[in-house]
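First comes the structure, then the notes that go with it.
Only this structure's heavy atoms are used, side chains among them; waters, hydrogens and symmetry mates stay out. Chain letters run A, B, ... following the sequence lines, proteins first, then strands; residues in each count from 1.
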There are 2 protein chains.
Amino acid sequence: MEDFTALLKKHNLKVTPQRLKIITMLHAHGHINIEDLFSEIREEFPNVSLATIYKNIHQMTESGLVREVKIPSLKSVYEVAKEPHLHMVCDKCHKVEDIVLDTDKIIEEAEKVSGYKIEESFITLRGICPECRHK
Amino acid sequence: MEDFTALLKKHNLKVTPQRLKIITMLHAHGHINIEDLFSEIREEFPNVSLATIYKNIHQMTESGLVREVKIPSLKSVYEVAKEPHLHMVCDKCHKVEDIVLDTDKIIEEAEKVSGYKIEESFITLRGICPECRHK
DNA sequence: TTTTTAAAGGAAAAATATTTTCTTTTAAAA
DNA sequence: TTTTAAAAGAAAATATTTTTCCTTTAAAAA
């Protein structure tokens, strides 16, 4: 169990019940879109405003606590920032999973080919997850 | 010079002046967002509707003629579909470039780690382009 | 502890973005 | 040529995101 209160403080964000709920949800789901986040939070906070969700997600993204993940043909999802990783998206069940892989080789190769100094990579792979494949 | 008329026909899309302009623009820019596409097309077709742009981009994407490229912190851009490639985005000048790289190794590794059967990869790398770096 | 205050929440409106509807126009088949 | 199915354009509808403004509250200061 993580200490989300400390995490919010570390990012200079006031600790509010709504914020704790948002970050708890992000962590529990791994990845969640705005719409689903709003629906779920409204179960516990019936008066929460969609603007609160948007404002918080924006602040948390700005502060580096949260990351937006843009996925082809799906709505953006959000995740609590952690070590660099790739995203796997299942074409059947549409779940999004993280995997950690060494990307040094391909980054190095890309720098060589492009002449860019690469700061960050965003890698999403789509296909069929093991569960859907074996159904 | 490419034959966009033939390309549209191949995708069972009626050849209209607006469509030819859209696909010509996409090809000329490499990557362009809806807003810029609309502005530029309106120079030649002052009465073109934004709905026409959206409807066509949607159809062309559906038919596989065009690809949407979702890029972190930028608006989506569109490109004429071609061989698989990576996207490089410059943090300074925000240009988007394609590079072709062999990704077999990392895909294979990802399949091993995740158990997924991967169908397609989306790789975007952000950093500083050679031009901005040497300024 | 209270008091103070700067930030956050909520409601509504505004701004943006995208899609749909409906009528007119047009590319292309007959 | 006609015919017709699809596309264009205009406007309205819908969806998404941001802003505004007033109230509430977390947390710093007294």
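Listed here is the closest heavy atom pair of B:G64 and B:A81: O-CB, 3.3 Å. Closest heavy-atom contact between B:C90 and B:I128: SG-CA, 4.1 Å. Shown here for B:E68 and B:S76, the closest heavy-atom pair between the two residues is OE2-OG, 2.7 Å.
When the shell of 6.0 Å around NE2 of A:H85 is examined, it contains more than 12 heavy atoms from other residues, nucleotides or ligands.
With rounding to whole Å, A:L13 atom CG is found 11 Å from D:dA27 atom P. Here the P atom of nucleotide D:dA8 and the CD1 atom of B:I53 are 9 Å apart, to the nearest Å. Distance, B:H11 NE2 to D:dA6 C1': 18 Å, rounded to whole Å. Atom OH in B:Y54 sits roughly 16 Å away from atom P in D:dG9 (whole-Å rounding). Between B:L20 atom CG and D:dA8 atom C1' there is a gap of 14 Å when expressed in whole angstrom units. Rounded to an integer number of Å, the gap from NZ of B:K55 to C1' of D:dA7 is 7 Å. D:dA28 atom P lies 11 Å from atom CG of A:N12, rounded to whole Å.
The stretch residues 26-50 of chain B touches DNA chain D through B:N47, B:V48, B:S49, each having a heavy atom within less than 4.0 Å of the strand. A heavy atom lying under 4.0 Å from DNA chain C marks the following residues of residues 56-79 of chain A, by number: A:N56, A:Q59.
Once rounded to the nearest 0.5 Å, the distance linking CD1 of A:I23 with CG of A:L26 reads 7.0 Å.
The residue among B:K9 and B:A51 whose nearest nucleotide of DNA chain C lies closer to the 5′ end is B:A51.
With salt bridges taken as basic N to acidic carboxylate O contacts below 4.0 Å, none links B:R67 and B:E79. Salt bridge annotation for B:R126-A:E120: present, with a cationic side-chain nitrogen under 4.0 angstrom from a carboxylate oxygen.
The aromatic ring centroids of B:F4 and B:H27 lie less than 6.0 Å from each other.
A 4.0 Å heavy-atom criterion places the boundary nucleotides of DNA chain C facing chain B at C:dA17 to C:dA28, written 5' to 3'.
Across all strands, B:T52 comes closer than 4.0 Å to base atoms (heavy-atom distances).
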(Q) Test side chain to side chain contact (heavy atoms under 4.5 Å, CB included) on A:D91 and B:E119; report intermediate values, then the result. (A) CA-CA 9 Å; A:D91 287 338; B:E119 301 293 343; 3.9 Å; yes

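Side-chain atoms of A:K95 do not come within 3.5 Å of backbone N or O of A:C129 as any donor-acceptor pair.
No hydrogens or angles considered: a donor-acceptor pair under 3.5 Å links the side chains of A:D98 and A:H31.
Nucleotide C:dA12: paired with D:dT19 (Watson-Crick or G-U wobble, both distances less than 3.5 Å).
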